[in-house]
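Right, one structure below, let's go through it.
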Number of protein chains: 4
Amino acid sequence: MTSLPTSGVIPPLCTPLTPEREVDRESLERLTRRLLEAGVHGLFVTGSTGEVGYLTDQARTRALEIVAGVAAGQVPVLAGVIDTATPRVIEQAAAAKAHGADVLVATAPFYVPTDPTEFRGHFRAIRAAVDLPLVAYDIPGSVHSKLHAEVVADLAAEGVLDGLKDSSGDLNGLHAVLDLVRGTGFPVFSGSETLADVSLRCGASGLVPGIGNVDPHGYVRLYNAARRGEWDVAQREQDRLRRLFKLAAVGDRSRMGGYSSAIGAFKEALVALGVIDNGTTSLPMIQLNDSERAAVRTYLVEAALLPNGEE
Amino acid sequence: MTSLPTSGVIPPLCTPLTPEREVDRESLERLTRRLLEAGVHGLFVTGSTGEVGYLTDQARTRALEIVAGVAAGQVPVLAGVIDTATPRVIEQAAAAKAHGADVLVATAPFYVPTDPTEFRGHFRAIRAAVDLPLVAYDIPGSVHSKLHAEVVADLAAEGVLDGLKDSSGDLNGLHAVLDLVRGTGFPVFSGSETLADVSLRCGASGLVPGIGNVDPHGYVRLYNAARRGEWDVAQREQDRLRRLFKLAAVGDRSRMGGYSSAIGAFKEALVALGVIDNGTTSLPMIQLNDSERAAVRTYLVEAALLPNGEE
Amino acid sequence: MTSLPTSGVIPPLCTPLTPEREVDRESLERLTRRLLEAGVHGLFVTGSTGEVGYLTDQARTRALEIVAGVAAGQVPVLAGVIDTATPRVIEQAAAAKAHGADVLVATAPFYVPTDPTEFRGHFRAIRAAVDLPLVAYDIPGSVHSKLHAEVVADLAAEGVLDGLKDSSGDLNGLHAVLDLVRGTGFPVFSGSETLADVSLRCGASGLVPGIGNVDPHGYVRLYNAARRGEWDVAQREQDRLRRLFKLAAVGDRSRMGGYSSAIGAFKEALVALGVIDNGTTSLPMIQLNDSERAAVRTYLVEAALLPNGEE
Amino acid sequence: MTSLPTSGVIPPLCTPLTPEREVDRESLERLTRRLLEAGVHGLFVTGSTGEVGYLTDQARTRALEIVAGVAAGQVPVLAGVIDTATPRVIEQAAAAKAHGADVLVATAPFYVPTDPTEFRGHFRAIRAAVDLPLVAYDIPGSVHSKLHAEVVADLAAEGVLDGLKDSSGDLNGLHAVLDLVRGTGFPVFSGSETLADVSLRCGASGLVPGIGNVDPHGYVRLYNAARRGEWDVAQREQDRLRRLFKLAAVGDRSRMGGYSSAIGAFKEALVALGVIDNGTTSLPMIQLNDSERAAVRTYLVEAALLPNGEE
């Protein structure tokens with residue numbers, strides 16, 4: 001039950017914070033329950049959408065425990081074990097295992113100038129040190145290097161990797177991996193909010209969409225339609241979700257970075273939907289102002305997630 | 001005595017490891033004593049050359065304690081508090097203060113997609129949380145964003161920053177900062193091994209050269225010559241050190257990344273000089289092979305750091 | 001008849017050269033006739049696949065005249081008017097009009113450090129100077145800047161642009177343009193060989209695939225299947241063409257760049273198929289060697305473009 | 001007399017334009033005479049500062065003829081033969097030779113995806129085709145690839161290259177070339193306006209500073225001081241010129257690119273100094289507005305190039 005799902009929708013959970021920037025247990029429990037009720041196939045804690053790079057070790061394990069407690073074995077809990085290089089990732093992995101993770105998700109090294117020749121040793125050492133299924137997380141926008149298809153396929157064949165989360169946005173790279181692992185059952189998840197239908201059509205096993213926090217039902221419908229081969233239905237759902245995703249850009253870019261905007265907007269949407277209590281994001285992210293928060297609500301109305309009158 | 005030196009040579013210490021990849025206390029003590037005897041003006045622990053990105057929290061504080069113990073207040077000990085974003089950096093900073101750091105050195109956020117609008121809040125929050133002098137560490141090659149001169153100068157004027165370590169390799173950027181802080185006493189250190197004389201001539205206060213582990217006497221001579229205005233002497237020393245620095249590229253780049261090569265070569269040189277016991281580097285770095293290690297010794301002989309017969 | 005087609009397959013023609021690197025009239029005529037017989041909807045001369053960056057002005061107009069002569073109004077002839085900035089592009093455009101172009105295709109400025117604020121003026125001046133339909137060519141890999149969706153949509157609304165060729169490989173960017181021009185009839189062509197079916201499904205009007213030189217029938221079948229809504233047929237064709245496209249990577253990258261490999265492989269395939277006489281590419285591209293040329297033929301056999309016995 | 005100078009100041013001339021954007025003969029003649037009177041050692045026509053990427057072939061040769069006519073053999077005239085790949089560069093080179101160039105200056109290929117494996121063949125073919133001294137122009141900011149030191153040194157040893165213009169801004173790269181060609185007399189010129197003194201101190205032979213159009217006397221003084229070993233004098237001159245160079249950033253970057261600003265400011269300064277008649281720059285560059293033009297004059301007053309009263 002709690003090993004890696006080989007398909008489905010696995011949202012990367014936001015980490016709700018109190019105004020004092022502590023992990024907000026009740027909000028996170030409500031968020032988790034809402035995702036489970038929507039029919040998601042797994043829960044990804046301490047991913048980029050979960051502000052993993054901002055959370056202290058204590059906050060990371062607290063978020064994980066809360067989610068694992070609510071999940072209670074109904075679906076697997078994946079934990080991002082995000083740190084700069086192998087020994088630090090192994091410590092994150094051991095902590096994640098101890099606090100309820102069913103599956104580990106690790107990137108290539110970052111900050112340290114790294115090289116593809118070093119990636120195999122990195123994942124092998126993590127897998128050897130902590131006995132849980134291991135998913136490689138390809139996120140060049142954050143780690144500034146690419147996990148090439150050959151590396152992933154080799155490590156899959158060795159039994160080091162149990163899956164891939166592709167957040168590269170590069171469909172040709174997705175094809176390259178899928179071509180190499182075809183027929184092996186190795187699951188490849190797309191982290192794209194906006195190319196979900198296309199990724200499934202290309203052969204991806206499942207989805208890890210950040211805005212799935214806000215509209216999990218939409219992604220579950222999209223995924224199920226795709227599984228039934230109803231690609232036009234999936235595409236219409238994707239079109240709606242692509243419009244909804246524009247709320248991520250609601251923040252004024254002269255005042256803040258894109259990530260302050262996106263995470264702030266996801267959280268503000270969850271506040272508007274009554275799921276979490278506060279839209280606070282971690283330091284040093286810039287907070288949305290009143291007009292930006294109002295704009296988030298407009299997107300929710302347009303996506304039929306909020307009734308018009310409540311806007 | 002133990003506040004930030006406003007000038008001088010502050011080598012970023014290698015972190016010697018045992019073959020089992022534990023911090024090697026005796027080797028690190030010998031390295032520290034050798035640097036002090038060479039007349040360095042400060043000691044920078046857990047910087048990039050110290051494999052900070054690879055060291056666990058425990059290894060980081062252990063290295064810091066060992067160096068602070070040997071330094072015993074003779075020169076300030078700077079500690080790199082390197083982590084992805086503000087709350088995690090603050091935890092690193094508190095630990096560093098508790099384990100003997102005199103000064104903190106922090107980069108811009110990384111991994112998390114970051115933005116210049118967020119840098120001021122980042123450094124302000126660190127400075128407010130932990131009461132030690134704070135040096136900004138501009139290292140775009142690792143964090144993939146640039147600390148612009150205006151940000152540094154503003155934070156200097158506010159009293160948030162007490163200094164800058166410029167590892168950008170961009171002399172025009174160095175000039176831009178120096179122009180803005182001229183006359184304020186704000187110290188700017190260059191992290192370049194090969195543009196040290198030029199950086200001092202442009203107005204930099206001091207040097208943080210990785211290969212200063214191997215030849216601290218050379219950088220102290222270079223620095224002292226520059227202070228006396230003997231620029232030709234400084235330049236000749238720099239020319240010799242630039243040739244020595246080529247040992248950083250001794251590793252075969254089809255087998256390993258540039259950092260595996262450089263850190264491996266620094267450590268191998270320290271082994272050859274009898275300073276540390278093992279050349280082992282952290283995972284997932286690739287280790288130098290016999291011919292690469294032999295090539296390191298050739299560079300040491302050419303730089304007159306080893307007698308010819310011992311080659 | 002000869003204005004811009006609003007949909008369909010418009011291959012970017014290779015420019016066959018003699019061993020002395022003159023434009024090979026007879027080979028180019030045969031290539032053009034083969035494409036017309038395959039049912040393509042337009043012909044794109046002096047694009048990147050046509051080695052436009054290598055061809056002298058005289059060779060460019062000669063290639064255009066040859067193709068326009070064979071086309072004889074059956075389908076429109078698009079000409080790449082590729083140069084560094086506006087005045088030079090206008091000269092290219094005037095020459096292209098004089099030598100038979102029906103439509104002009106122009107990129108953002110390059111070499112000159114350029115900026116989005118300057119793009120509108122660039123395309124307006126070209127359109128004002130030479131009275132032919134104008135297609136913007138978004139090719140960030142070559143010009144190192146991106147034509148943002150808003151710029152394209154604004155210029156479309158002004159009547160400056162008559163279409164877009166998107167060679168960015170960025171499906172999210174393609175969506176962004178398509179969202180802005182929906183319902184206006186503004187045609188958007190994808191330059192991707194490997195995401196053709198997906199691009200059409202997202203709403204692209206047509207295709208400009210480099211390897212369409214080698215297998216025009218395949219892309220016409222893919223396109224026609226997509227138009228009929230037979231997406232599974234289109235996808236199977238795309239899967240086959242994606243495998244065929246791997247021949248572009250046949251060259252040894254330690255000896256040559258990726259473009260030497262790709263253009264060399266396209267031309268060698270056309271030689272193997274009896275369409276052109278020589279595989280010679282322009283200076284300073286590196287030529288394929290015997291084993292690389294043999295590998296090209298293997299791909300053609302696998303794609304059923306050559307009988308097995310002829311391999 | 002007219003072969004490549006092995007040292008000295010060789011300004012890259014602006015190309016004055018009439019309001020109708022024709023080459024302005026009288027202004028260009030005045031500019032050339034002023035540079036000669038200031039004691040420059042060569043004249044570089046159709047470089048980046050000369051808007052080469054914007055000038056038609058006819059405008060390029062016209063600018064060259066005008067400058068060569070005024071130079072009349074007093075100093076060598078270098079011509080930028082800037083185009084995308086080898087055959088087109090050779091045509092530019094033949095035209096430059098026919099219109100009075102003494103020396104050719106060529107970059108690596110651009111627009112065409114290029115590769116270091118192809119650079120040797122590129123320069124060899126140019127040198128073989130047109131019998132004039134050939135200078136390699138390393139300008140990664142424009143061509144998006146780097147001429148590595150080994151390639152330059154090899155081609156120097158072969159007799160293909162007669163010099164290097166380094167506009168990379170990378171002093172470590174400059175050192176790498178200088179180390180490889182030491183003792184051969186191969187001249188290396190720095191294109192940096194702001195690191196001129198430092199580059200000469202590192203061993204560069206001469207300078208090609210864009211703002212040398214505005215203050216040629218300053219760069220000649222700087223150069224002569226450096227030759228006499230009066231490095232403090234050179235540095236003070238450089239400090240003044242670095243402040244002057246800030247006028248390049250006078251344009252509002254929300255309205256225009258950095259190049260529109262810099263070239264516009266150089267030309268406006270020449271208008272203010274009475275050297276040329278119009279500040280017009282090529283399309284699609286954005287023109288400076290009144291307040292930006294006024295700011296240019298303020299810089300000239302601060303640099304003592306204009307009397308205070310004329311501001």
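Quick note on labels: first sequence line is chain A, next is B, and so on, each numbered from 1.
Heavy-atom pairs under 4.5 Å with chain A peak, among Arg120(B), Arg124(B), Glu91(B), at Glu91(B). Residue with the most contacts toward chain B among Ile139(A), Thr107(A), Leu55(A): Leu55(A) (heavy-atom pairs, distance under 4.5 Å). Top candidate by heavy-atom pairs under 4.5 Å with chain A, chosen from His122(B), Arg253(B), Arg60(B), is Arg60(B).
With a threshold of 4.5 angstrom between heavy atoms, Asp57(B) approaches chain A through its backbone and through its side chain. Both the backbone and the side chain of Val52(A) come within contact range of chain B, judged by heavy atoms closer than 4.5 Å. For Ile90(A), no part lies near chain B; criterion is any non-hydrogen pair under 4.5 Å. Heavy atoms closer than 4.5 Å to chain A are found nowhere in Thr114(B), neither backbone nor side chain. Both the backbone and the side chain of Tyr111(A) come within contact range of chain B, each with at least one heavy atom under 4.5 Å from a heavy atom of that chain. Proximity to chain A is limited to the backbone of Arg255(B), based on heavy atoms less than 4.5 angstrom apart. When heavy atoms are compared at a cutoff of 4.5 Å, Pro113(A) approaches chain B by way of both its backbone and its side chain.
Listed for the Glu193(A) side chain is a donor-acceptor partner under 3.5 Å among the backbone atoms of Gly210(A).
No donor-acceptor contact under 3.5 angstrom links the side chains of Thr15(A) and Tyr54(A), judged on distance only.
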